[in-house]
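For reference, the structure is listed below as structure tokens.
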Amino acid sequence: MPEKVFEINKESLNFIEQIVEEDIRSGKHAGRVHTRFPPEPNGYLHIGHAKSICLNFGLADKYNGKTNLRFDDTNPETEETEYVESIKEDIRWLGFEWEHEFFASDYFEQIYEFAVSLIKKGMAYVDDQSAEEIASQKGTPTEPGKESQYRSRSMEENLNLFQRMRNGEFGEGAKVLRAKIDMASPNMHLRDPIMYRIKFDKHHRTGDKWKIYPMYDFAHGQSDSIEEITHSVCTLEFEVHRPLYDWYIKQLGIFPSRQIEFARLNLNYTIMSKRKLLQLVNEKRVSGWDDPRMPTITGMRRRGLTPEAIREFADRVGVAKRENVIDVSLLEFCVREDLNMRTERRMVVLDPLKVVITNYPEGQTENLPAENNPEYKDSHHREISFSREIFIERDDFELNPPEGYNRLAPGGMVRLKHAFIIRCDETVINPDESIKELRCTYFPESRSGQDKSGIKVKGVIHFVNAADAIGAEVRLYDRLFKVENPDSQEGSFLDYLNPDSLKVISDAKAEPTLKNAKPLDKFQFLRLGYFCVDKDSTSSHLIFNRTVTLKDTWAKVHKK
RNA sequence: UGUCCCGUGGUGUAACUGGCAACACGCUUGAUUUUGAUUCAAGAAAGUCCAGGUUCGAGCCCUGGCGGGACAACCA
């Protein structure tokens, strides 16, 4: 119907949207769009899944369709309920709600009947050979395979054997059910693919009811059909499976779902393989699936990323069939863009250097207003305190300032954010040559917002009042790997872990307004970056995770 | 020496299906700035893997190469 709508639509469409719009235009499935997100519950979702989730739910959303959540749980060996729960939590956190929640295991009975019908049509047979024998007959991509000696069993015998497989009369691996297609096909997946295998593992939902389980190829497409999924979107590696996907649908005469493949997301400096992520967790290279350095949804949530930022990212990376490696800087951009608008600012000193304001009266304290977010004209203000002793960032003072340095140096001046301009009069040195403290004078006339001093300074630095600063633990995260592509390096990907991916600062000094920060609260620590309160944080032991630094032009220029 | 998929700035995605290669990130420079942030402005950067062909005209169509990826789990 809405032909005009599409003509008006001038934005460029990705190739999947083009397919969908063509289908709607031609009236296929009466214009209905129904997608699904089909995770296997054997691990946690990561940013790559987020792209798929945004794609599937986004497609349905855009074209008035629906999206099912379907757990592809056909391998009882690796699948667990723990994962089912985490997957649901992560999808909801990303901001999506599914139409139906299904499990491939819901369809085991029906899929079994599908298999029986193929046997009856003479298109499937029970093979008694071992996995090795079957593999040896399979041929190679360039050589045809050989037919099994069991290929020509009678339909009655196949029916009987398959029933007995279901009954548990044969041991694991003793027999499989195979589709009878073409052992000489140039497509390996069409060389009599295995449909069912015998497994005695306890299934996370069906327990030990089943002794046989369908393979991916004989479960996924069938589930799509049962749910009348119109567009079954998956990643590129399933492209060669599509002829088989279509073959089963045709032979079974069931709802013709269409499989469409797109290129999965790759991010530099990170790995996306579930197996390797699991290895990081198992070997305690990270603290768990939700370690803030992990590319998992749960890890990124703990790190302080927002659903909005992730969705924006998924949108910006696009959808195509070309292999790609996205630069993490794009993710960081999306995160900063979102956090800049939504987070309140606070002052925290990570590496404190004491400063004594020698001309500030002892015992005196004054409060100064500080805006919470300059992005909002009418943002609220909070009070910060100021007195004779304060802490500044050790980094913000240089004994021998390099060219272009505009923070504090001997004899130099800077403004303390929200407060006064100070001048460094004296540097107190420890016996070991390190800097013990600074003795400065302040200019009472230079008070922020009502500066009558006439002094112009180039630099502005943050500080906290020593008298009421509170302690905090701050965890500084950096990329988990030190090379762009840890997967395609010599040796193990573990050899390329970044040893500096986590730096813990146990005694940072924070302004007291942070005292009641709750887990997941997000802030911008002025001039440092965006931070998120860790889930283990309490008011007596505050913990902040650095989500991402602020852009730092100076650091970049100065690095050389 | 098989089948399938894919080749557009550094990265990613576009180019209304044949009409001046655009947008974003990143990068550079400048302005503003009480965050070396944000914001704003300007700029560098691809002639579309190569070679033929069709056409007035090709990133888009055709042919042939070259390059990359996927496929030989009783995983998904």
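Naming: A, B, ... by sequence-line order, numbering from 1 per chain. A quick note: this is a predicted structure, and the numbers were derived from the prediction, not measured.
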Practice prompt. Answer with base, sugar-phosphate or nothing: what part of the nucleic acid does Ala131(A) contact at a heavy-atom distance below 4.0 Å?
Written response: base
Discussion item. How long is the straight-line distance from CZ of Phe162(A) back to CG of Leu177(A), given to the nearest 0.5 Å?
Written reply: 5.0 Å
Worksheet entry | Note, Leu277(A) side chain near Tyr44(A) side chain (heavy atom, < 4.5 Å) | no
Worksheet item: At under 4.0 Å between heavy atoms, what does Val457(A) touch on the DNA or RNA strands: base, sugar-phosphate, or nothing?
Response: nothing
Worksheet item: Quick one: Glu261(A) CD to C5(B) P, roughly how many Å, whole number?
Response: 10 Å
Item to complete: Could you check how far CZ of Arg191(A) sits from C1' of C74(B), rounded to whole Å?
Response: 18 Å
Worksheet item: Expressed in whole Å, how much space separates the C1' atoms belonging to A21(B) and A45(B)?
Response: 14 Å
Worksheet item: Would you call the rings of Phe525(A) and Phe544(A) parallel, tilted or perpendicular, where under 30° means parallel and over 60° means perpendicular?
Response: perpendicular
Response to the item:
Separation of G10(B) atom P from Asn268(A) atom CG, nearest Å, is 16 Å
Worksheet item: How far does the C1' atom of C56(B) sit from the matching atom of A51(B), given to the nearest Å?
Response: 23 Å
Discussion item. Counting the atoms with a prime plus P, OP1 and OP2 as sugar-phosphate, which does Val176(A) contact under 4.0 Å by heavy atoms, base, sugar-phosphate, or nothing?
Written reply: base
Fill in: Selection from A14(B), C75(B), C71(B) that lies nearest to any side-chain heavy atom of Ser12(A)
A14(B)
Worksheet item: Which whole-number value in Å describes the distance from Lys138(A) NZ to U3(B) P?
Response: 19 Å
Worksheet item: Is G47(B) in the syn range, within 90° of 0, or in the anti range?
Response: syn
Discussion item. Looking at A70(B), which nucleotide sits across from it as a Watson-Crick or G-U wobble partner, both distances under 3.5 angstrom, or is there none?
Written reply: U3(B)
Discussion item. Of the listed nucleotides (U1(B), U13(B), A76(B)), which one gets closest to any side-chain atom of Thr142(A)?
Written reply: U1(B)
Discussion item. Between U17(B) and A24(B), how many Å separate the two P atoms, rounded to a whole number?
Written reply: 24 Å
Practice prompt. Return the value, rounded to whole Å, for the distance between atom CD of Glu312(A) and atom P of G12(B).
Written response: 19 Å
Practice prompt. Would you please indicate if the ring centroids of Tyr248(A) and Phe218(A) are separated by under 6.0 Å?
Written response: yes
Worksheet item: Got more than 12 heavy atoms from elsewhere within 6.0 Å of CZ, Arg264(A)?
Response: no
Worksheet item: For atom P, what is the distance between G57(B) and U3(B), given to the nearest Å?
Response: 34 Å
Discussion item. Can you tell me the base-pairing partner of U32(B)? Count Watson-Crick or G-U wobble geometry only, both distances below 3.5 Å, and say none if there is no partner.
Written reply: none
Worksheet item: Is the backbone N or O of Lys138(A) less than 3.5 Å from a side-chain atom of Arg191(A), with the two atoms forming a donor-acceptor pair by type?
Response: yes
Worksheet item: So, is U54(B) syn or anti if syn means the angle is within 90° of 0?
Response: anti
Item to complete: Calculate the interatomic distance between Lys51(A) atom NZ and G12(B) atom P; express it in whole Å.
Response: 11 Å
Discussion item. Across nucleotides 22-41 of chain B, 5' to 3', mark each nucleotide with B, S or - according to how protein heavy atoms within less than 4.0 Å reach it.
Written reply: --SSSSS-----BBBSS---
Practice prompt. Nearest-nucleotide wise, let me know which of Glu79(A) and Val319(A) is further upstream toward the 5' end of RNA chain B.
Written response: Val319(A)
Discussion item. Would you say that Glu80(A) contacts Asn42(A) through its side chain, given a criterion of any heavy-atom pair below 4.5 Å between the two side chains?
Written reply: no
Worksheet item: At under 4.0 Å between heavy atoms, what does Phe238(A) touch on the DNA or RNA strands: base, sugar-phosphate, or nothing?
Response: base
Discussion item. Any base atoms under 4.0 Å from Glu337(A), or only sugar-phosphate, or nothing? Heavy atoms, all strands.
Written reply: nothing
Worksheet item: In whole angstroms, how far is the P atom of C5(B) from the NZ atom of Lys321(A)?
Response: 7 Å
Worksheet entry | Nearest-angstrom distance from the residue atom CG of Asn266(A) to P of G69(B) | 13 Å
Worksheet entry | C1' gap between G47(B) and G19(B), integer Å | 15 Å
Discussion item. When both hydrogen-bonding distances must be under 3.5 Å and the geometry is Watson-Crick or G-U wobble, what is C23(B) paired with, if anything?
Written reply: G12(B)
Discussion item. What's the gap between A22(B) and A15(B) when it is taken at their P atoms, as a whole Å value?
Written reply: 14 Å
Worksheet item: Can you tell me the Watson-Crick or wobble partner of C61(B), both distances under 3.5 angstrom?
Response: G53(B)
Worksheet item: For Ser185(A), which contact category applies under a 4.0 Å heavy-atom criterion: base, sugar-phosphate, or nothing?
Response: nothing
Discussion item. Partner lookup for U17(B), please. Criteria are Watson-Crick or G-U wobble with both distances under 3.5 angstrom; report none if nothing qualifies.
Written reply: none
Discussion item. When the P atoms of A46(B) and C62(B) are compared, how many Å lie between them, rounded to an integer?
Written reply: 29 Å
Discussion item. Would you say Tyr530(A) and Glu332(A) are linked by a side-chain donor-acceptor pair, where the criterion is simply a distance under 3.5 Å?
Written reply: no
Discussion item. It should be established whether Arg197(A) places a side-chain nitrogen or oxygen under 4.0 Å from OP1 or OP2 of nucleotide C75(B).
Written reply: yes
Discussion item. I'd like the P distance from C5(B) over to G9(B), given in whole Å.
Written reply: 22 Å
Practice prompt. Measure the shortest side-chain to side-chain distance between Leu267(A) and Phe313(A) over non-hydrogen atoms and say whether it is less than 4.5 angstrom.
Written response: yes
Worksheet item: Quick one: the side chain of His241(A) and the base of A76(B), do they pair up donor-acceptor inside 3.5 Å?
Response: yes
Item to complete: Searching all strands shown, indicate the nucleotide that pairs with A46(B) (Watson-Crick or G-U wobble; both distances under 3.5 Å).
Response: none
Item to complete: Classify the ring geometry between Tyr107(A) and Phe102(A) as parallel (under 30°), tilted (30 to 60°) or perpendicular (over 60°).
Response: tilted
